[in-house]
Protein chains: 2
Amino acid sequence: MRRDSRLSRSLHLLIHMDRFPDPVTSDHLAKMVATNPVVIRRMMQGLKKTGLVSSGKGHGGGWVLAKPLAEITLLDVHEALGATVVFNIGLADDNPQCLVERAVREKLTQAMSEAEGVLLQSFASIRLSDIASDFETQLAALGSDQNRLPICIPERASKADQVD
Amino acid sequence: MRRDSRLSRSLHLLIHMDRFPDPVTSDHLAKMVATNPVVIRRMMQGLKKTGLVSSGKGHGGGWVLAKPLAEITLLDVHEALGATVVFNIGLADDNPQCLVERAVREKLTQAMSEAEGVLLQSFASIRLSDIASDFETQLAALGSDQNRLPICIPERASKADQVD
DNA sequence: AATTAGAGTAACAAGAAAAGTTGCATGAAA
DNA sequence: TTTCATGCAACTTTTCTTGTTACTCTAATT
């Protein structure tokens, strides 16, 4: 089953953007997650509308965070993406007049909205800075053995620090 | 986004089957939910394997419940369908060596498995008989005004009670 | 025995949704 | 004025689910 990986992807990219001094282009972001720049732009539109990021055109343009990571929760990103549907389980509407079907829908709706509430509450309680510090901890644990390149390769490819 | 409506559909059908004296054919069930008999058979295979229903071939064959509704929970049906994926939210695997991506995956996995636990626990606590009695209550509330046909039309089309 | 009615199953077609791609317009900096 | 970037629309590709067809096997009825 095909799942929406935009939340996961944008969290990943937003944290990388925070570590970058300059605006990051869609091209650059696309390479980090092995996709096409247009896919990135499409995904970022929602984040821009809700004020999580901003974009600049032309020379030196690209994407920057509009808020510090500590002021962005997973719920903010989730909602900004317009990801309305959390569950993969759907309510059949095969025979709308049937009271049996309605009773089924009602019970399933109850159960699912309870669980959705739990998920969204978790999301609301997690800030991007929490994830970033998890990352820093892991990175520090690796010590100076940086040969493993434990981050996205394009992260180092800023103008000041060209790779290859 | 396309959601899996098999859970909803099979609950609906299982409750109708319970109200039927005889085995119900795939054809009959298919008409109730406006689909093809093969789709029904496919869906029922899992339920059969886990002993929720049984099937008979040939004349007078069809599907019957193998257990009373009170001994079947939503979780039983959910698992029997092999519906492993509960969420529509996926974990990107764009750059597996990246520690940022890993930190994101870890946090999302935590949040999602907590919510999944809540959902499955709800499912475990709801028996099909609970839904059936909700339905009976609604049906009784309608009184004798049965002209609205508040159930699937093919429900009445048993041999003993032919319609049209 | 022949017929009819059903499940079981494999292979294929249709549909839908997300992801990816291309091309071009627009705007900003060099 | 050229270059580099986003913005956007249209199209293609991919992938998954659902639906469909055709056939086999089995059991009851006639």
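To find a chain, count down the sequence lines: A is the first, B the second, and so on, and within it residues start at 1.
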Problem set entry | D/dT6 phosphate, OP1 or OP2, under 4.0 Å from A/Arg41 side-chain N/O |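 Answer is yes, contact under 4.0 Å.
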For this session: For C/dA7, take OP1 and OP2 only and decide whether either is under 4.0 Å from a side-chain N or O of B/Gln45.
Result: no
Straight-line distance of [X] [atom1] to [Y] [atom2], nearest 0.5 Å:
X	Y	atom1	atom2	result
B/Met17	B/Ser10	CE	OG	10.5 Å
A/Leu99	B/Phe135	CG	CZ	6.0 Å
B/Leu81	B/Leu52	CG	CG	9.0 Å

Seminar exercise, completed: Of A/Ser55 and A/Arg42, the one whose closest nucleotide on DNA chain D sits nearer the 5' end is A/Ser55
Exercise. Given that A/Arg6 and B/Thr25 both sit by DNA chain C, which one's nearest nucleotide is further toward the 5' end?
Worked result: B/Thr25
Exercise. With no hydrogens and no angle check, is any side-chain donor or acceptor of B/Glu101 less than 3.5 Å from a backbone partner on B/Asn95?
Worked result: yes
For this session: Give a yes or no answer on whether the side chain of A/Ser8 reaches the backbone of A/Ser5 with a donor-acceptor pair at less than 3.5 Å.
Result: no
I need the [atom1]-[atom2] distance between [X] and [N], as an integer number of Å.
X	N	atom1	atom2	answer
B/Lys48	C/dG6	NZ	C1'	12 Å
B/Asp4	C/dA16	CG	P	17 Å
A/Asn36	D/dG7	CG	C1'	14 Å
B/Asp22	C/dA5	CG	C1'	14 Å
B/Lys57	C/dG6	NZ	C1'	9 Å
A/Met43	D/dG7	CE	C1'	16 Å
A/Ile40	D/dA5	CD1	C1'	15 Å
B/Leu29	C/dG8	CG	C1'	16 Å

Problem set entry | Secondary-structure notation, DNA chain C, from Watson-Crick and G-U pairs under 3.5 angstrom (| other strand) | ||||||||||||||||||||||||||||||
For this session: Return the nearest nucleotide to the side chain of B/Val38; candidates are D/dG7, D/dA22, C/dA19.
Result: D/dA22
For this session: Taking only the side-chain heavy atoms of A/His59 (C-beta and beyond), determine which of C/dA19, C/dA30, D/dA28 contains the nearest atom.
Result: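 For the A/His59 side chain, the nearest candidate turns out to be C/dA30.
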Exercise. If we only count heavy atoms from C-beta on, is the A/Trp63 to A/Pro23 side-chain gap below 4.5 Å?
Worked result: no
For this session: Please examine the side chains of B/Phe123 and B/Thr73, heavy atoms only from C-beta on, and report whether any two atoms are closer than 4.5 Å.
Result: no
